[in-house]
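One-based numbering, in listed order, for ligands and for the atoms of each. Computed from a prediction, not measured in an experiment: that's the story for all the values here. Only this structure's heavy atoms are used, side chains among them; waters, hydrogens and symmetry mates stay out.
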Amino acid sequence: MENLRPGGPNILITGTPGTGKSTLGQELAQRSGLRYVNVGDLAKQEQFYDGYDEQYQCPVLDEDQVLDELEDQMSSGGNIVDYHGCDFFPERWFDIVFVMRTDNTILYNRLEHRGYSGKKLEDNVSCEIFQTILEEARGAYKLEIVHELPSNTPEDMEENLDRIILWIEQWKASH
Ligand code: DAT
């Protein structure tokens, strides 16, 4: 098959906050040599914001600015993109989509430890219970490229890393 992405595959790592996206994404980048892109950090750094959400007490992401900023490097390939949403990216950007999943009580504890409380804590745990991000991913990408990854224990993390590294090697061999 013709290789349209000289830099390697583009991987989306999505899921509810606290499910382990950035831990997995950074480690994966180290092991694979692909580039780690944290969309939340990028937006903060570049102030890609469009207003403020009073209800959730956080700035609103300017999606168009994010897309413009990333378009060229996504076309070249070799990116691991981390974000807790997935339906505003162009479908063509990604070769595979991983949705991290964490059991409710474990997630609750992680987010509490992060300093979340009240509505913010409840909303994020509800997001996981109702598998909001999984449904979003299934609605935005071909079902065969969307994979759930359990992310409860360090063993899960290791298994996920091994599995994705293997997938990257296979992708490279077949492109
Ligand atoms: P996210 O980027 O999705 O918000 P994170 O990578 O910051 O999540 O992880 C949140 C916390 O949970 C952090 O302290 C690391 C821990 N963690 C993540 N994945 C884990 C796993 N599979 N097993 C145990 N702890 C994990």
Using heavy atoms and a 4.0 Å limit, tell me yes or no: is Gly15 in contact with ligand 1?
no

For Thr132 and Glu136, does a side-chain donor sit closer than 3.5 Å to a side-chain acceptor?
no

Output yes when the distance from some N or O of ligand 1 to some N or O of Thr153 is under 3.5 Å, and no in every other case.
yes

Go through the structure and list residues passing side chain to side chain donor-acceptor pair (under 3.5 Å) with Glu135, not counting sequence neighbours.
Gln131

Stepwise salt bridge (charged side-chain N to carboxylate O under 4.0 Å, His left out) test for Arg163 and Glu148
CA-CA 12 Å; Arg163 184 176 159 195; Glu148 283 185 84; over 6 Å; no

If we only count N/O pairs under 3.5 Å, is Gly20 in contact with ligand 1?
yes

Check whether more than 12 heavy atoms from other residues, nucleotides or ligands sit under 6.0 Å from atom OH of Tyr49, and answer yes or no.
yes

Lys21, portion touching ligand 1 at heavy-atom distance under 4.0 Å:
both

Mind checking whether Arg114 has a heavy atom under 4.0 Å from ligand 1?
yes

Can a protein heavy atom be found under 4.0 Å away from atom 14 (O) of ligand 1?
no

Which atoms of ligand 1 sit under 4.0 Å from any heavy atom of Thr23?
5 (P), 6 (O), 9 (O), 15 (C)

Given Met100, Gln26, Arg110, which one has a non-hydrogen atom that is nearest to atom 12 (O) of ligand 1?
Arg110

Below 3.5 Å, N or O to N or O, backbone or side chain included: is there any such pair between Asp82 and ligand 1?
no

Looking only at distances, can you tell me whether any N or O atom of Pro17, backbone or side chain, sits closer than 3.5 Å to an N or O atom of ligand 1?
no

